[in-house]
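All remarks here apply to the structure that follows.
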Amino acid sequence: MKNIILVSFLILTFSCSEDDKTDQQLLENDKKELIENLDSYKVASYKFGKILIRASAEKNTISPEFQAFKSDLDRIFNNVVKYDVENPESLSVLDYISIYRDYKNMEDFIMETDEDIFPTLMDAFNVTYGDSISKQRDYLKGDDKVYAQNIEHSVLSAIVILSKDLGKEVSLYECSKTDPELLPDSEIKTLLQYFRGFLFFEKGLYYLSEDEISRNIDWLNTNKEVDLPFTRAMFQWGNLNNKQTHIGFHSLNHLFRGFDRLMMERKIDEKRALEDFEMFLKDAKEVGLDNEIVWSIETYLYLKNEENEKAITALTKLKTSKLLSSDDKEKIDESIVYLKNRKPGEVLNGFYDKYFLSKIATKYMFSILSEVDWENLMKEQNVPHTEEMFKTIENLKDFISNLEKHASTDGLKETGEELKNKGGNLWNKAKELAQ
């Protein structure tokens, strides 16, 4: 009997625990999960590449560990920078094995070191690619350095997210390195916070995302006169004036905060989500936005209110979206048929749920990001060494891919067989490097 009571108590405690947790407790859980998500080979090798570049411009000792690795870092940097994306054989198999050995020797240093202790990427590019005058320029320091590296992290997080070689893990790493609170009030700050919120949402870190977007909504409510030319260009709102752009962007912040809350477990979160969706629709209609995001939220709210005819109208519009697969559209047809025969009090057949909604929202944002010409945008803003930055990113992507290919267990086996066939001397050299 005592055991039954104990088990019942534990079950009751567990079942109530999620609802009883505070927003702050759940936010702290997400922060821990974020750190765990960054513990991957792809992030580690990318960070290795970033430190190679930024440390190449470092003139001071920083630490005994850095001093011990400085010559190796510079040597690898010179090889990687000279690496030609169009000619992947410019780094040999032995080069990759040698670099991987060096990387393993300094792996602890790389993982424990904050890349932001080194000069900015722009300073490193000035040293490598600049003319005689820019090479002598003092490095950014203090607030100027903080601002510059925040921009660099945010731009890189947006550029790499669509890359199949680097993608979401690396984008999340760059996103984690930004701190919007350290930026002055500006359009860059609000875009950065929104993008961080989207990335956290996409990775299932809903409480981190909600916190980011909530602060952004508060900022937008306080700064209604801020000029938003980048926002207008990014979302292709050329027909909107600045006030309308502000309202449109405000609506998208409420949209994704609503999705965050919809994906949470507590009853209060769903109530908050519905309030966000109502605000999203109010803003969207005020500026004339009419797209798949609007139709999907309209459908969701109509279904909640059992307004079947209005839900069918919204679903019919949604079916025309290019973002949906043929399978999605087929299921929409099934849902329309179901709604026509739906009785009061009955729930939908499970297809049109929060996961389907979030998929549409994510596809919408990725479609927006894929249309942005980041390189041209940076050139228009007169960002120095834009071409070199993009070439370096391409080099880094290919370098990391080949490093992983040649250094993995399967890759080493394949490489070993290849070198054996080419000759004993190469094979013996590879074995020496791998030790």
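Fair warning: this is a prediction, and the values are worked out from it, not measured in the lab.
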Glu292: what forms a salt bridge (charged side-chain N to carboxylate O under 4.0 Å, His left out) with it, not counting sequence neighbours? none
Ser45 (side chain) donor-acceptor with Tyr41 (main chain) under 3.5 angstrom: yes
Got a sec, which residues hit side chain to side chain donor-acceptor pair (under 3.5 Å) with Glu387, two or more places apart in sequence or on another chain? Lys379
Does Leu34 offer a backbone N or O that forms a donor-acceptor pair with the side chain of Lys203 under 3.5 Å? no
For Lys168, is there any backbone N or O sitting under 3.5 Å from a side-chain donor or acceptor partner on Ser171? no
Under a 4.0 Å N-O cut-off, is there an ion pair linking Lys271 with Glu275? yes
Under the criterion salt bridge (charged side-chain N to carboxylate O under 4.0 Å, His left out), which of Asp276, Asp211, Asp23 is the partner of Arg261? Asp276
Between Glu169 and Tyr46, is any side-chain donor less than 3.5 angstrom from a side-chain acceptor? no
Return yes when atom CG of Asp143 has more than 12 non-hydrogen atoms of other residues, nucleotides or ligands closer than 6.0 Å, and no otherwise. no
Any residue meeting side-chain contact (heavy atoms from CB on, under 4.5 Å) with Ser63, in chain and number order, not counting sequence neighbours: Glu65, Phe66, Phe109
In chain order, what residues pass the side chain to side chain donor-acceptor pair (under 3.5 Å) check against Asp72, with sequence neighbours excluded? Arg75
Sorted by chain and residue number, the side-chain contact (heavy atoms from CB on, under 4.5 Å) partners of Glu278 (sequence neighbours excluded) come out as Leu301
With sequence neighbours excluded, what pairs up with Glu286 under the salt bridge (charged side-chain N to carboxylate O under 4.0 Å, His left out) test? none
Examine the side chains of His153 and Asp179 and answer whether a donor and an acceptor come within less than 3.5 Å of each other. no
More than 12 heavy atoms of other residues, nucleotides or ligands under 6.0 Å from NZ of Lys141: is that the case? yes
Could you tell me which residues satisfy side-chain contact (heavy atoms from CB on, under 4.5 Å) with Glu152, sequence neighbours excluded, listed by chain and number? Thr120, Leu121, Met122, Gln149
State yes or no: are the ring centers of Phe259 and Phe277 separated by less than 6.0 Å? yes
Please check this pair: side chain of Ser157 against backbone of Cys175, looking for a donor-acceptor N/O pair closer than 3.5 Å. no
Could you check whether any side-chain heavy atom of Asn221 comes within less than 4.5 Å of a side-chain heavy atom of His250, counting everything from C-beta outward? yes
Compare every heavy atom of Leu357 with every heavy atom of Ser296, then report the nearest pair and how far apart it is. O-CD2, 3.6 Å
Not counting sequence neighbours, which residues clear salt bridge (charged side-chain N to carboxylate O under 4.0 Å, His left out) with Lys359? List them please. Asp328
Report, one line per pair, each donor and acceptor closer than 3.5 Å where one atom sits in a side chain of residues 223-233; sequence neighbours left out.
{"residue": "Asn223", "atom": "ND2", "partner": "Trp219", "partner atom": "O", "Å": "2.8"}
{"residue": "Thr231", "atom": "OG1", "partner": "Glu187", "partner atom": "OE2", "Å": "2.7"}
{"residue": "Arg232", "atom": "NH1", "partner": "Thr245", "partner atom": "OG1", "Å": "3.0"}

Would a distance-only check, ignoring hydrogens and angles, find a side-chain to backbone donor-acceptor pair under 3.5 Å from Asn216 to Thr190? yes
For Phe235 and Trp237, take the angle between the two ring planes, folded into 0 to 90°, and tell me which bin it lands in: parallel under 30, tilted 30 to 60, perpendicular over 60. parallel
Would you confirm whether Ser370, through its side chain, and Phe366, through its main-chain N or O, come within 3.5 Å as a donor-acceptor pair? yes
So does Glu212 pair up with Arg215, basic N to acidic O under 4.0 Å? yes
Is it true that the side chains of Thr178 and Asn150 contain a donor and an acceptor less than 3.5 Å apart? no
Just to verify, what does Asp269 make a side chain to side chain donor-acceptor pair (under 3.5 Å) with, not counting sequence neighbours? Arg266
Hits for salt bridge (charged side-chain N to carboxylate O under 4.0 Å, His left out) against Lys31, two or more places apart or cross-chain, chain-then-number order -> Glu28
Would you check if the side chain of Lys363 reaches a backbone N or O of Leu323 as a donor-acceptor pair within less than 3.5 Å? yes
Can you list everything that forms a side chain to side chain donor-acceptor pair (under 3.5 Å) with Tyr173? Sequence neighbours excluded, please. Glu115
Do the side chain of Ser56 and the main chain of Ile53 share a donor and acceptor less than 3.5 angstrom apart? yes
